[in-house]
Amino acid sequence: MFYRVQQFIKAVTAQITKEDLSFVKQHLNQVEVGLFLKLKPYEQRHCIDVAKKLDETSMGDVEMVKLGLLHDIGKMR
């Protein structure tokens, strides 16, 4: 239950900074950025967090970072 409360708080307070958008644009092409920006802000925040973690741990594998940024695209429907 506490986990769900934390999720809710993260969802209503999610913010995307200019640095976050720069990170996104650095790893995605224009079409992919367009898709990414259709996600809800809390989904964008989550995807950026996942992608940054993958960036730290994937030893420079840019495809892994891209997958992190786009892994929730199916939720747009």
Participant: To the nearest 0.5 Å, how far apart are CZ in Arg45 and OG1 in Thr17?
Facilitator: 6.5 Å

Participant: Check whether more than 12 heavy atoms from other residues, nucleotides or ligands sit under 6.0 Å from atom CD of Gln15, and answer yes or no.
Facilitator: no

Participant: Step by step, would you call Lys52 with Asp20 a side-chain contact (heavy atoms from CB on, under 4.5 Å)?
Facilitator: CA-CA 10 Å; Lys52 286 185 175 182; Asp20 291 329; 3.0 Å; yes

Participant: State yes or no: do Leu70 and Leu21 share one hydrophobic cluster built from I, L, V, M, F, W and Y residues joined by side-chain heavy-atom distances below 4.5 Å, directly or via other members?
Facilitator: yes

Participant: If we ignore hydrogens and angles and just use 3.5 Å, is the side chain of Glu32 paired with the main-chain N or O of Asn29 as donor and acceptor?
Facilitator: yes

Participant: His46 and His71: side-chain contact (heavy atoms from CB on, under 4.5 Å), yes or no, with the steps?
Facilitator: CA-CA 10 Å; His46 166 68; His71 79 274; 3.1 Å; yes

Participant: Write down the atom of Phe36, the atom of Cys47, and the distance for their closest heavy-atom approach.
Facilitator: CE1-CB, 3.9 Å

Participant: Identify the residue among Leu39, Asp49, Leu69, Asp72 that makes a side-chain contact (heavy atoms from CB on, under 4.5 Å) with Gln44.
Facilitator: Leu39

Participant: Give the cluster check for Leu35 versus Ile48: same hydrophobic cluster or not, with ILVMFWY residues linked at side-chain heavy-atom distances below 4.5 Å.
Facilitator: yes

Participant: Could you tell me which non-hydrogen atom of Val50 sits nearest to which non-hydrogen atom of Gly68, and how far apart they are?
Facilitator: CG1-CA, 4.0 Å

Participant: Decide yes or no for Met1 and Arg4: does some side-chain heavy atom of the first lie under 4.5 Å from some side-chain heavy atom of the second?
Facilitator: no

Participant: Looking at Gln6, I want to see if its CD is surrounded by more than 12 non-hydrogen atoms of other residues, nucleotides or ligands under 6.0 Å.
Facilitator: yes

Participant: Check whether Val65 and Leu37 end up in the same hydrophobic cluster, where Ile, Leu, Val, Met, Phe, Trp and Tyr are linked by side-chain heavy atoms less than 4.5 Å apart.
Facilitator: yes

Participant: Compare every heavy atom of Met64 with every heavy atom of Leu54, then report the nearest pair and how far apart it is.
Facilitator: CD1-O, 3.3 Å

Participant: Using the rule that Ile, Leu, Val, Met, Phe, Trp and Tyr join whenever any side-chain heavy atoms are under 4.5 Å apart, tell me whether Ile16 and Phe23 fall into a single cluster.
Facilitator: yes

